[in-house]
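Residue numbering restarts at 1 for every chain, and letters A, B, ... go by the order of the sequence lines.
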Number of protein chains: 2
Amino acid sequence: MEQAIRNTLKDYNLRSTSCREDILGTFLNKEVALSHGDIEDSLGERFDRVTIYRTLKTFLEKGLIHKVLDDEGIRYALCKDNCSEQDHHHDHIHFKCVECGQTNCLANVHIPSVQLPDGYQASEVNLLIQGRCPACT
Amino acid sequence: MEQAIRNTLKDYNLRSTSCREDILGTFLNKEVALSHGDIEDSLGERFDRVTIYRTLKTFLEKGLIHKVLDDEGIRYALCKDNCSEQDHHHDHIHFKCVECGQTNCLANVHIPSVQLPDGYQASEVNLLIQGRCPACT
DNA sequence: TTTATAATGCAACGTTGTTGCAAGAGATAT
DNA sequence: ATATCTCTTGCAACAACGTTGCATTATAAA
């Protein structure tokens, strides 16, 4: 596990540091979309707030994580497909439960293609569905 | 126009105040999704920041506006259909141009229905497409 | 082990959003 | 037109969120 995380960082041309390892580990554990605050809470006082911000920014730029839209702000989740600095492809859907507040990725559910009016060029698609998850129904 | 705005406020059981009239007027003029900051900039120093926050909150609760998810935070747009406190229905799509930064509503384009896994109940759907708008292609 | 480069922590700052409370304005009935 | 009740506003103070510059420390490669 530890080693797998290090390898992932290496694959993305990132140096291994304890902060990066812990944050990546948190994403792997939780499997839901996390906000900066969630990560801060989960890691305790081990790292500076600023370092967490910068780590998230770095992960974003390298294509390790992507933004997840949320009605309360911005969250982040691991990229499932192999994204890179150049190329992002996320056609999956995020579901946020209004009851328990968890946001997670509905893998396997594909976004049906949308017919855009003339002149519009899509590069990224984000779909957030809010409602109740199976655990809260 | 002035009178139309007052009537709209009345329809939603809201007292007419200059702040509410101006904010509603701004939404009617701009026709794009606005953030709190956009509104603040557009209205100048006429109203307190706090009042703008509270006005947006009130408009939200009464069903006059709805949240539009954005990769930089949260924006608001007028409800087109007749929404109310109880009942919101927004199946339209928002398009954000990565070039000019404007977010607007693609009326006429409907969100294709999504087949959710068992146990999930959807109550609200938000679709944001990012790319280039006709003016920036 | 040395060295070049990158990441971290700290401090300071700016922005964004919230709450309580006193003063002021809107709507209604008289 | 006025009095009255209620809702809205502005102010102050605060909390949360996010950014930048710089000195120090850690990583990876020679």
Side-chain angles (χ1 to χ4, degrees), chain A residues 2-3 5-26 33-65 67-76 85 101 103, chain B residues 2-3 5-26 33-65 67-76 85 101 103:
Chain A
E2 306 286 304
Q3 195 52 50
I5 289 176
R6 284 167 191 237
N7 288 339
T8 303
L9 288 173
K10 194 162 197 176
D11 290 346
Y12 284 87
N13 286 310
L14 292 169
R15 287 190 181 175
S16 280
T17 67
S18 61
C19 180
R20 287 177 179 173
E21 289 170 11
D22 286 11
I23 291 183
L24 180 48
T26 305
L34 302 172
S35 66
H36 173 273
D38 293 336
I39 294 168
E40 210 179 338
D41 292 345
S42 138
L43 296 185
E45 307 254 307
R46 259 181 299 162
F47 307 103
D48 195 89
R49 259 162 22 86
V50 178
T51 304
I52 300 177
Y53 278 115
R54 289 199 265 230
T55 302
L56 289 173
K57 200 179 204 172
T58 305
F59 282 6
L60 258 186
E61 285 165 2
K62 296 289 183 174
L64 234 164
I65 60 175
K67 286 188 182 181
V68 175
L69 305 184
D70 188 285
D71 67 330
E72 292 168 38
I74 294 170
R75 293 173 178 276
Y76 304 91
E85 212 152 344
T103 302
Chain B
E2 305 287 306
Q3 194 53 49
I5 288 177
R6 284 167 190 238
N7 288 339
T8 303
L9 288 173
K10 194 162 198 176
D11 290 346
Y12 283 87
N13 285 310
L14 291 169
R15 286 190 183 174
S16 281
T17 68
S18 62
C19 180
R20 287 177 179 172
E21 289 169 12
D22 286 11
I23 291 182
L24 181 48
T26 305
L34 302 172
S35 67
H36 174 273
D38 293 336
I39 294 169
E40 210 178 338
D41 292 345
S42 138
L43 296 185
E45 306 255 309
R46 259 182 299 160
F47 307 102
D48 195 88
R49 261 166 18 88
V50 178
T51 305
I52 300 177
Y53 278 114
R54 289 200 265 231
T55 302
L56 289 173
K57 200 177 204 173
T58 305
F59 282 6
L60 259 185
E61 285 165 0
K62 296 289 182 173
L64 234 164
I65 61 176
K67 287 187 181 180
V68 175
L69 304 184
D70 188 285
D71 68 330
E72 292 170 38
I74 294 171
R75 292 173 178 277
Y76 304 90
E85 211 152 344
T103 303

If I take atom [atom1] in residue [X] and atom [atom2] in nucleotide [N], what distance separates them, rounded to the nearest angstrom?
{"X": "B:E21", "N": "C:dA27", "atom1": "CD", "atom2": "C1'", "value": "14 Å"}
{"X": "A:R49", "N": "D:dA15", "atom1": "CZ", "atom2": "C1'", "value": "11 Å"}
{"X": "B:E40", "N": "C:dT16", "atom1": "CD", "atom2": "C1'", "value": "9 Å"}
{"X": "A:F47", "N": "D:dG18", "atom1": "CZ", "atom2": "P", "value": "19 Å"}
{"X": "B:D48", "N": "C:dT18", "atom1": "CG", "atom2": "P", "value": "14 Å"}
{"X": "A:R20", "N": "D:dA26", "atom1": "CZ", "atom2": "C1'", "value": "11 Å"}
{"X": "A:D41", "N": "D:dA16", "atom1": "CG", "atom2": "P", "value": "10 Å"}
{"X": "A:R6", "N": "D:dT27", "atom1": "CZ", "atom2": "C1'", "value": "11 Å"}

Handout entry: A:R20 (side chain) donor-acceptor with A:R15 (main chain) under 3.5 angstrom
Key = yes
Problem - OP1 or OP2 of D:dT9 under 4.0 Å from side-chain N/O of B:T17 - result: yes
Exercise for the section: Tell me what A:S16 touches on the nucleic acid: a base, only sugar-phosphate, or nothing, going by heavy atoms under 4.0 Å. Expected result: sugar-phosphate
Practice task
Determine whether the side chains of B:T8 and B:D11 contain a donor N or O and an acceptor N or O closer than 3.5 Å.
Solution key: no
Completion exercise
With the side chain defined as heavy atoms from C-beta on, B:R54 is closest, among D:dT9, C:dG17, D:dC22, to D:dT9
